[in-house]
Number of protein chains: 2
Amino acid sequence: MLFTGTHIHKLDRKGRVSVPKRFRAALEREEFAGIYLYQSHKESALEGCSESHMERIAASLDELDMFSDEADDLADTILGSSHMLPYDGEGRIILPAELIEYARIEDQVAFVGRGRTFRLWNPDIFTPLQDASRTRTLNRGATLKLKPMTEPSNGTRPRAPTEEDAS
Amino acid sequence: MLFTGTHIHKLDRKGRVSVPKRFRAALEREEFAGIYLYQSHKESALEGCSESHMERIAASLDELDMFSDEADDLADTILGSSHMLPYDGEGRIILPAELIEYARIEDQVAFVGRGRTFRLWNPDIFTPLQDASRTRTLNRGATLKLKPMTEPSNGTRPRAPTEEDAS
DNA sequence: TGGGAAATGATGGGGGTCAATGGGATTTGA
DNA sequence: TCAAATCCCATTGACCCCCATCATTTCCCA
């Protein structure tokens, strides 16, 4: 299952926000009923993913040289600052104050699908960035080279940086 | 199965439009009963595809360097702006207001087949473009080089790698 | 081959259901 | 014992299920 689309939901005065039904559906096979969030290191946004994806990240970090600066930094920024957020009975999470502040979220939250992961934004910040993104894509004449069809991926393949099928 | 031909359907006052029977037939093996739509970067049109095609797009993005600017932009413009639209019992979808506005659709929608994908247009905009494009093709004396046939086709073999783009 | 019947696809619209939201009550943990 | 987290229930409005009708095409048989 993929995370797609942009869904804008309200942050209530208790700091709760509904996770879009479509995203919950994409996660319903997960053992943990909830999501993981951590600060994006590049954007004023939050990165979100499933428990199994978080395990994949941890496994990838394991493979980096254990004492490299890069592994240290990634471990700190991702694993160290990640929050495990369970749903309440209505499929909402409580957004920790630290994350609200980091992403400069006010009364609305945009859930933006990115395939295997998603991001949370203040919609007022995201919308202009998305427009800029679209313009750059157009100017760049970017085309996406599609992979050959394979059987439906279940996302369990470790993300080793291989160069296979560079069609 | 391929998407072929141009089919003009009516957008009703609830914002619904029937997906052409031929297109639904091309998708009937999909797990998700519906289509994906997103804004074309190049045209005043909407791009449409199947769930498995969207999975392919996501998988291809996964292979680009995860933190590259280009992958980011494509994720925002395709995955972030895509809409997953299920059929109702009669094979119709609800066209989101955002997409209606983007493609300047009024009371009719043209579904135009493009092989593995298709596009949605306001027919008043598409028809003149189609005429122009046909004229250009004729003047250019364009020919299409066909790929050789591969083994006895019974339709069950996974497709050979293609270079088609996601524009 | 023509015409009428039947099947199928497209369109219109009513109403029930459920996702999103708000807020009170209860429990938990420091 | 207080504050925060969780549970629970109410509200509302968008979406989806259902059915009825209309338009085409297909089929069948004279």
Side-chain angles (χ1 to χ4, degrees), chain A residues 1 3-28 30 32-37 48 82-101 105-113 118 120-123, chain B residues 1 3-28 30-37 48 51 82-101 105-113 118 120-123:
Chain A
M1 276 293 181
F3 300 108
T4 60
T6 294
H7 312 263
I8 296 180
H9 284 174
K10 219 171 164 191
L11 186 69
D12 71 20
R13 80 179 66 175
K14 287 179 168 184
R16 298 177 300 188
V17 63
S18 290
V19 176
K21 183 67 189 0
R22 292 262 158 77
F23 284 21
R24 297 203 305 268
L27 292 170
E28 65 190 1
E30 296 283 326
F32 166 59
I35 63 174
Y36 280 78
L37 288 181
S82 76
H83 294 252
M84 181 183 182
L85 304 171
Y87 305 139
D88 70 8
E90 281 70 42
R92 291 173 289 199
I93 55 167
I94 295 181
L95 216 45
E98 179 195 0
L99 298 184
I100 292 176
E101 190 182 345
I105 285 170
E106 286 154 19
D107 57 344
Q108 288 193 319
V109 183
F111 287 76
V112 182
F118 54 92
L120 268 56
W121 290 86
N122 175 337
Chain B
M1 275 292 182
F3 302 109
T4 58
T6 294
H7 311 263
I8 296 181
H9 284 174
K10 204 168 172 197
L11 185 70
D12 73 19
R13 82 180 64 177
K14 285 178 163 185
R16 297 177 301 189
V17 63
S18 290
V19 176
K21 185 63 188 3
R22 293 273 168 78
F23 284 21
R24 297 203 305 267
L27 292 171
E28 64 190 1
E30 296 282 327
E31 192 175 337
F32 166 60
I35 63 174
Y36 281 79
L37 288 181
E51 178 171 48
S82 72
H83 293 252
M84 181 186 186
L85 305 172
Y87 305 138
D88 68 11
E90 282 69 44
R92 291 172 290 197
I93 55 167
I94 297 180
L95 215 45
E98 180 195 358
L99 297 184
I100 292 177
E101 190 182 346
I105 285 169
E106 286 153 19
D107 58 345
Q108 288 193 319
V109 183
F111 287 76
V112 182
F118 54 92
L120 268 55
W121 290 86
N122 175 337

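For the numbers below, each heavy atom of this structure counts, side chains included, while hydrogens, waters and symmetry mates do not. Letters A, B, ... mirror the listed sequences (proteins, then strands); counts begin at 1.
The backbone N or O of Val19(B) lies less than 3.5 Å from no partner atom in the side chain of Arg92(B), so there is not a single donor-acceptor pair.
In this structure, Arg92(B) atom CZ and dC16(D) atom C1' are separated by 10 Å, rounded to whole Å. Atom CG in Asp12(A) sits roughly 15 Å away from atom C1' in dC9(D) (whole-Å rounding). A straight line from NZ of Lys14(A) to P of dA3(D) spans 15 Å, rounded to a whole angstrom. Atom-to-atom, CG of Asp107(A) to C1' of dG22(C) comes out at 15 Å; the value is rounded to the nearest Å. Between Ile8(B) atom CD1 and dT24(D) atom P there is a gap of 14 Å when expressed in whole angstrom units. When rounded to the nearest whole Å, the span between NZ of Lys10(B) and P of dA23(D) equals 11 Å. Here dA10(C) presents its C1' atom at 16 Å from CG of Leu95(B), a figure rounded to the nearest Å. Between the CZ atom of Phe111(A) and the P atom of dA19(C) there is a distance of 16 Å, rounded to whole Å.
For CZ of Arg22(B), the number of neighbouring non-hydrogen atoms (other residues, nucleotides, ligands) closer than 6.0 Å is 12 at most.
At dA10(C), one or more side-chain N or O atoms of Arg24(B) fall inside 4.0 Å of OP1 or OP2 (strictly under the cut-off). A sub-4.0 Å separation between OP1 or OP2 of dG13(C) and a side-chain N or O of Arg13(B) is present. Considering only side-chain N and O atoms, Ser18(A) lies nowhere under 4.0 angstrom from the phosphate OP1 or OP2 of dA19(C).
Note on ring orientation: taking the six-membered ring where Trp is involved, the planes of Phe118(A) and Phe23(A) are tilted (angle from 30° to 60°).
Take the nearest nucleotide of DNA chain D for Tyr87(A) and for Arg22(A): the residue whose nucleotide is more 5' is Tyr87(A). Judged by closest nucleotide on DNA chain D, Asp88(A) is the one of Asp88(A) and Glu90(B) placed further toward the 5' end.
For Lys21(B), taking side-chain heavy atoms from C-beta onward, the closest of the listed nucleotides dG13(C), dT6(D), dG9(C) is dG9(C). Nearest to the side-chain atoms of His9(A) among the listed nucleotides dC18(D), dC16(D), dA20(C) stands dA20(C).
Applying the 3.5 Å distance criterion, the base of dG13(C) shares a donor-acceptor pair with the side chain of Arg16(B).
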For Leu11(A) and Leu95(A): C-alpha separation, side-chain torsions, deciding distance, then whether side-chain contact (heavy atoms from CB on, under 4.5 Å) applies. CA-CA 8 Å; Leu11(A) 186 69; Leu95(A) 216 45; 4.1 Å; yes
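Aromatic rings from His83(B) and Tyr36(B) are positioned such that their centres are separated by 6.0 Å or more.
Backbone-only contact: Val19(A) has heavy atoms under 4.0 Å from sugar-phosphate atoms and none from a base.
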